[in-house]
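Count residues from 1 along the sequence.
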Amino acid sequence: MEQVFKQAENNSSSKKRFSWFKNWKMIILIAIIVIAVIFAALFFYQKTHFNSNITINDIEVRGLTADRALEKLQASVLTNNVYIGEEIVTGKETQMAFSESDLPEIKNLLQRQWTFFPSSEAKTYSITPVIQDKYRSEELKTELEQELIYMNQVLQPPTDAKASIENGEIIISESADGEQYDISSLIEEYDNHEYTSEINLSPVYLQAVKEDSEIIQNQVEKLQKFLDHNVEYEIQDQVYSLKASELILDASLSENMDVLIDSDTIFEKIAEINDSHSNLGKDFSFKTHSGSVLSVKGEGYGWALEAEKEAALIKEAFEAGEKSISPSNIYGNGWEGEGYGYETTSNNGIGDTYAEVSIKDQRMWIYKDGELVVDTHVVTGRQSTQQDTAPGVWYILFKRTPYTLTGTSADESEYATDVDYWAPFTNSGQGFHDAGWRTNWSSNAYSTEGSNGCVNVPPDIMKKVYENLNVYDPVVIY
């Protein structure tokens with residue numbers, strides 16, 4: 001009986017242990033389920049809500065869903081005040097321009113800031129509205145730019161170092177810092193500024209070009225190359241090498257790095273060359289038919305350089321980097337101020353084709369390429385009435401056949417005389433022509449029975465004279 005009792009007691013104890021074990025497992029299971037629910041709830045909350053120290057565009061969004069965060073952003077007010085150290089532009093208040101189009105980006109931020117457990121770590125984010133804030137991007141930006149322009153008008157600008165030529169030497173001026181704002185840089189910073197209530201810009205000032213900068217090095221190289229440049233000035237049969245280092249006193253550089261000559265001695269150099277080469281108004285050394293050498297003053301024939309205009313062209317040639325230039329501004333005593341004989345260098349500038357008239361010998365010679373082609377007696381202007389043929393070096397103005405000579409005689413009577421050939425050489429009306437009316441062709445006829453100033457040629461010779469004279473040929477009368 002006792003044994004049965006013990007057996008029953010053991011069975012009862014086993015049932016109690018099993019029941020306790022069964023309850024413990026249930027508690028664990030329930031605890032696991034509770035924890036899982038808590039974690040699931042926490043996970044869901046964390047997945048859909050911002051942590052405690054999160055800001056978007058300086059607006060706190062702690063504990064908010066993406067939708068609520070968007071609503072808060074949309075309701076937030078922008079002061080739109082702009083600061084560069086201190087306030088310089090007072091904007092008008094506007095609400096942030098966020099819209100439903102910005103919700104995906106806010107959701108993206110929500111995912112980026114997510115932590116499984118709630119976090120107090122501070123994080124700031126910035127987004128720009130998909131739909132542009134026109135006030136911020138246009139009106140306020142324009143107002144800022146205008147204000148900066150106005151402010152710069154009373155602020156000291158920086159002074160750039162500059163390379164230039166002074167008295168033929170390259171010098172570099174000193175730079176100096178200024179107070180003016182770098183407007184383009186500030187506007188760029190404005191454009192890139194976060195979309196927050198206030199706009200704080202870092203002061204950025206216009207910087208002076210420094211003496212050791214690459215810009216100055218390039219300027220020096222440009223000016224040195226300029227000083228090393230020569231312009232070949234070809235005048236007649238001679239070439240002058242005009243050196244910038246010798247002729248340019250002062251020069252500067254434009255913004256496009258073009259050399260601008262400010263002061264030079266080019267005119268003086270051209271005047272020197274002109275005096276050496278030109279023959280306008282000078283005496284020509286002339287070898288006569290007999291071999292004697294005379295000095296005959298240049299009258300209609302001759303040329304000279306317009307030194308001032310030539311100097312201006314050479315200055316432009318230096319500035320443009322041209323290597324050579326020839327004279328293009330030549331003047332003389334022609335009807336329209338033109339000069340003649342520039343291309344002629346032989347025979348002291350008269351050349352080998354010319355007409356020679358000796359008043360003393362009352363004779364005329366014509367040479368073609370150094371060969372005598374005409375030799376004839378002539379009658380020149382009447383000495384007794386001071387209608388002498390004008391001595392000097394002239395040139396054939398034009399030729400006409402036939403022609404009517406008109407003018408005033410010594411007795412002031414008007415005349416009109418027909419001739420077969422006419423070749424004038426002075427602007428006053430003297431020239432070569434046939435004189436069929438003349439009967440006195442003696443060597444002293446010119447003394448009292450000479451012409452009105454022209455050179456009378458025997459009619460049987462004048463055709464040959466006419467044919468061997470060309471326009472612009474020199475005429476030497478002595």
Nearest 0.5 Å, what's the [atom1]-[atom2] distance between [X] and [Y]?
| X | Y | atom1 | atom2 | answer |
| --- | --- | --- | --- | --- |
| Leu73 | Asp58 | CG | CG | 11.0 Å |
| Glu121 | Asn51 | CD | CG | 9.0 Å |
| Ile131 | Ser101 | CD1 | OG | 4.5 Å |
| Ile183 | Tyr205 | CD1 | OH | 13.0 Å |
| Ile235 | Ile270 | CD1 | CD1 | 7.5 Å |
| Thr389 | Gln430 | OG1 | CD | 5.0 Å |

Please list, chain by chain and in numerical order, all residues satisfying ring pair (Phe, Tyr, Trp, His ring centres under 6.0 Å) with [X], sequence neighbours excluded.
| X | result |
| --- | --- |
| Phe226 | none |
| Tyr367 | Tyr354 |
| His229 | none |
| Tyr83 | none |

Contacts satisfying side-chain hydrogen bond (donor to acceptor under 3.5 Å, both in side chains) that involve residues 394-406 (not counting sequence neighbours) are Thr404-Asp418

Applied to residues 331-347, the side-chain hydrogen bond (donor to acceptor under 3.5 Å, both in side chains) test, sequence neighbours excluded, yields Trp335-Asn427, Glu338-Tyr340

Using distance alone, with no hydrogens and no angle criterion, decide if [X] and [Y] have a side-chain donor and acceptor under 3.5 Å apart.
| X | Y | answer |
| --- | --- | --- |
| Thr94 | Asn80 | yes |
| Glu356 | Tyr478 | yes |
| Glu93 | Thr79 | no |
| Ser184 | Asp182 | yes |
| Tyr240 | His277 | yes |

Non-neighbouring partners of Pro402 that pass side-chain contact (heavy atoms from CB on, under 4.5 Å), sequence neighbours left out:
none

Can a donor-acceptor pair be found, under 3.5 Å and without considering hydrogens, that links the side chain of [X] to the backbone of [Y]?
| X | Y | value |
| --- | --- | --- |
| Ser119 | Thr115 | no |
| Tyr135 | Lys92 | yes |
| Ser278 | Leu305 | no |
| Gln219 | Ala163 | yes |
| Asn279 | Trp303 | yes |
| Asn218 | Ile215 | no |
| Asn57 | Ile127 | yes |
| Lys72 | Ile59 | no |
| Gln180 | Asn152 | yes |
| Gln113 | Leu110 | yes |

Would you find more than 12 non-hydrogen atoms of other residues, nucleotides or ligands less than 6.0 Å from [X] atom [atom1]?
| X | atom1 | answer |
| --- | --- | --- |
| Glu232 | CD | yes |
| Lys287 | NZ | no |
| Glu188 | CD | no |

Go through the steps for Val476 and Tyr301 under the test side chain to side chain contact (heavy atoms under 4.5 Å, CB included), then give the verdict.
CA-CA 9 Å; Val476 183; Tyr301 184 79; over 6 Å; no

Minimum heavy-atom separation for [X] to [Y], with atom names?
| X | Y | value |
| --- | --- | --- |
| Ala208 | Ala176 | CB-O, 3.5 Å |
| Leu201 | Glu189 | CA-OE2, 3.4 Å |
| Leu109 | Phe50 | C-CE2, 4.1 Å |
| Val77 | Ser197 | O-OG, 3.8 Å |
| Ala69 | Ile106 | CB-CG2, 4.1 Å |
| Ala66 | Leu103 | O-CD1, 3.7 Å |

Name the orientation class of the two ring planes belonging to Tyr195 and Phe98 (parallel below 30°, tilted from 30 to 60°, perpendicular beyond 60°).
perpendicular

Hey, are the side chains of [X] and [Y] touching, using non-hydrogen atoms and a 4.5 Å cut-off?
| X | Y | value |
| --- | --- | --- |
| Phe318 | Ile266 | yes |
| Asn470 | Ile396 | no |
| Ser185 | Leu206 | no |
| Leu253 | Val259 | yes |
| Leu140 | Ile199 | yes |
| Ser285 | Asn348 | yes |
| Thr426 | Glu299 | no |
| Leu64 | His49 | no |

If you look only at pairs with a residue in [range], which of them pass as a salt bridge (Lys or Arg N to Asp or Glu O under 4.0 Å), with sequence neighbours excluded?
| range | value |
| --- | --- |
| residues 308-327 | Glu306-Lys309 |
| residues 239-268 | none |
| residues 123-145 | Lys141-Asp191 |
| residues 195-215 | Asp177-Lys210 |

Could you walk me through whether Gln111 and Lys107 pass side chain to side chain contact (heavy atoms under 4.5 Å, CB included), step by step?
CA-CA 6 Å; Gln111 295 301 313; Lys107 289 181 177 179; 5.8 Å; no

Qualifying residues under salt bridge (charged side-chain N to carboxylate O under 4.0 Å, His left out), relative to Arg68, sequence neighbours excluded:
Glu71

Is the closest basic N to carboxylate O distance between Glu272 and Lys269 below 4.0 Å?
yes

Aromatic ring proximity Phe39/Phe116, centre distance under 6.0 Å:
yes

